[in-house]
**Student:** 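Below: one structure in structure tokens.
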Amino acid sequence: MQNIDWGSLGFKYMDTRCHVRYVWRDGKWDQGEMVEEPFFKMHIAAACLHYGQAAFEGLKAFRCKDGSLRVFRPRENARRMALTARRLCMAEVSEDLFLDAIKRVIRANEEYVPPYGTGGSLYVRPLLIGSGEQIGVAPAREYTFIVLVVPVGAYYKGGLQPVKALIYDDFDRAAPLGVGNVKAAGNYASSLYAHEKAKKEGYPVELYLDAREHKYVEEFATSNFIGITRDNRYVTPASRSILPSVTNETLKTLAADMGLKVEVRQVPFEELAELAEVAACGTAVVVTPVNEIRRGETVIRIGESGSGCGPVLQKLYETVQGIQYGEIPDRYGWCYEV
Ligand SMILES: *Cc1c(COP(=O)(O)O)cnc(C)c1O
């Protein structure tokens, strides 16, 4: 393996020792194999290539304080991938197979898990694709389930850095009754255009409103929306076109433990101006504080200082990381030892 400078790792692809790959044919999954080369030979008419039968997941493994290797809430990702598979008419991966697969690939790549104290982790990427040939529009008859891993660094090197968010009124992420609530690869393809445009305008993230009326906040392109009110309530939108984030679930539980009232409900656009703290949440970074939201000519500034992270989000962030690295007791059994 190459010498890794753990301190300078970002969030980008790197070859590791191997990935694990399973194939589903005639109604069942095979035993799976460890594959060293990061390439995959596939039929040119594979359903994933033409018709978008592709689902993915993202989770992390941590080298903990006591030296153990633990994955954060993998069962939640297994269940969510099964929901995505069902929605896209794909072969489902059982929870047991999912857990076995991540265990195998993490153990085989143990030397790529960043050491405790570096702030890094091993990003685990399960991918399920319709790999069978299919030219008439129908579900594929063969599926491939791959789990690959990539070591990633601490996202924030000098404390939580707030970013600006942009709301577009001429792009939507997900149709009201579409596939926004599952982790379909196509959701990302369809949000890239607005994302690149927002980046060029100086906004690292874009926030979507509900596609039907553009009245209620939904989520960011790749992360859920959370807000903290001035009277200490944790607010996150309810909508059937939002992807149910494991991080959001985790934060809701921890917020309730901290004495905050948790509200999952419609969040009208107008309410943004009243929030004390806002963040995007997801596995990759846990929370990204947002200090400004622009929609056309309207600019909303969030929080007092506008420059740092609010105290509630800061505390939530530290608690999640503390549990993930085994520094804080795992009261809910979220960590899964591999
Ligand atoms: C993956 C994803 C998230 C974050 O989910 P986590 O389980 O917290 O990583 C949020 N929104 C969208 C659209 C996503 O695809």
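Whatever order the structure lists them in is the order used to number ligands and atoms, beginning at 1. What's counted below: heavy atoms across the whole structure, side chains too, no hydrogens, waters or symmetry copies. Model, not experiment: these values are computed from the prediction.
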**Student:** State if E76 counts as touching ligand 1 under the rule of any non-hydrogen atom under 4.0 Å.
**Tutor:**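 No heavy atom of E76 comes that close to ligand 1.
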**Student:** For residues Y123 and F11, establish whether the separation of their ring centroids is below 6.0 Å.
**Tutor:**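 Yes, ring centres under 6.0 Å apart.
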**Student:** Ignoring hydrogens and angles, tell me if any N or O in the side chain of R173 forms a donor-acceptor pair with the backbone of S241 under 3.5 Å.
**Tutor:**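 Side chain of R173 to backbone of S241: a pair is present.
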**Student:** Hey, does E249 sit under 4.0 Å from ligand 1 if you only count heavy atoms?
**Tutor:**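 Per 4.0 Å heavy-atom rule, E249 does not contact ligand 1.
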**Student:** Considering only non-hydrogen protein atoms, determine which one is nearest to atom 1 (C) of ligand 1 and report residue, atom name and distance to 0.1 Å.
**Tutor:**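 Result: K183 NZ, 1.4 Å.
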**Student:** How does N77 reach ligand 1, by side chain, by backbone, by both or by neither, if only non-hydrogen atoms under 4.0 Å count?
**Tutor:**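 Neither part.
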**Student:** K252 pairs by side chain to side chain contact (heavy atoms under 4.5 Å, CB included) with which of V264, I226, L316?
**Tutor:**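 Going through V264, I226, L316 one by one, the side chain to side chain contact (heavy atoms under 4.5 Å, CB included) with K252 is satisfied by V264 alone.
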**Student:** Atoms of ligand 1 less than 4.0 Å from R80 heavy atoms?
**Tutor:**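 Answer for ligand 1: 5 (O), 6 (P), 7 (O).
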**Student:** Return yes when G58 approaches ligand 1 closer than 4.0 angstrom through a heavy atom, no otherwise.
**Tutor:**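 No.
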**Student:** Could you say whether the N/O atoms of V246 and ligand 1 ever approach to under 3.5 Å?
**Tutor:**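 In this structure, V246 places an N or O atom under 3.5 Å from an N or O of ligand 1.
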**Student:** May I ask you to list the atoms of ligand 1 that are less than 4.0 angstrom from any heavy atom of Y188?
**Tutor:**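 Those atoms are 1 (C), 2 (C), 14 (C), 15 (O).
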**Student:** I need the nearest protein heavy-atom contact for atom 3 (C) of ligand 1: residue, atom name and distance, please.
**Tutor:**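 Ranking protein heavy atoms by distance from atom 3 (C) of ligand 1, first comes T222 O, 3.4 Å.
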**Student:** List ligand 1 atoms under 4.0 Å from R173, heavy atoms only on the residue side.
**Tutor:**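 Those of ligand 1 that fall under 4.0 Å from R173 are 13 (C).
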**Student:** If you measure from each non-hydrogen atom of N224 to ligand 1, which part falls under 4.0 Å: side chain, backbone, both or neither?
**Tutor:**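 The part of N224 near ligand 1 is both the backbone and the side chain.
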**Student:** When you compare the side chains of Y208 and D210, does any donor N or O come within less than 3.5 Å of an acceptor on the partner?
**Tutor:**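 Y208 vs D210: no donor-acceptor pair found between side chains.
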**Student:** F40 ring centre to R21 NZ or CZ under 6.0 Å, with the angle to the axis within 45°?
**Tutor:**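 That pair does not qualify as a cation-pi contact.
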**Student:** Does V262 share a hydrophobic cluster with V287, counting links as ILVMFWY side-chain heavy atoms below 4.5 Å and allowing steps through other members?
**Tutor:**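 Yes, it is one cluster - the side chains of V262 and V287 are joined through contacts under 4.5 Å.
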**Student:** Would you say the side chains of D172 and H214 form a donor-acceptor pair under 3.5 Å?
**Tutor:**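 H214 and D172 do have a side-chain donor-acceptor pair below 3.5 Å.
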**Student:** Could you tell me the residue and atom name of the protein heavy atom closest to atom 11 (N) of ligand 1, and the distance to it rounded to 0.1 Å?
**Tutor:**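 For atom 11 (N) of ligand 1, the nearest protein heavy atom is E219 OE1, 2.7 Å.
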**Student:** Any side-chain to backbone donor/acceptor pair from Y325 onto G119? Under 3.5 Å, distance only.
**Tutor:**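 At least one qualifying donor-acceptor pair exists.
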**Student:** N/O of N248 under 3.5 Å from N/O of ligand 1, yes or no?
**Tutor:**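 Checking ligand 1 against N248, no N or O pair falls under 3.5 Å apart.
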**Student:** Could you tell me if D257 and Y332 have a donor-acceptor pair between their side chains, going purely by distance under 3.5 Å?
**Tutor:**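 A pair is found: one side chain offers a donor N or O, the other an acceptor, under 3.5 Å apart.
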**Student:** Which one holds for S245 and ligand 1: side chain close, backbone close, both close, or neither close, with close meaning a heavy atom under 4.0 Å?
**Tutor:**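 Answer for S245: both.
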**Student:** Could you tell me if any non-hydrogen atom of A221 lies under 4.0 Å from any atom of ligand 1?
**Tutor:**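 Per 4.0 Å heavy-atom rule, A221 contacts ligand 1.
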**Student:** Please tell me whether D66 and S68 have a donor and an acceptor in their side chains that are separated by less than 3.5 angstrom.
**Tutor:**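 There is such a pair (donor and acceptor under 3.5 Å, judged by atom type) between the side chains of D66 and S68.
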**Student:** With heavy atoms of T283 as the reference, note each atom of ligand 1 found under 4.0 Å away.
**Tutor:**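 Heavy-atom distances to T283 below 4.0 Å select 6 (P), 7 (O), 8 (O), 9 (O).
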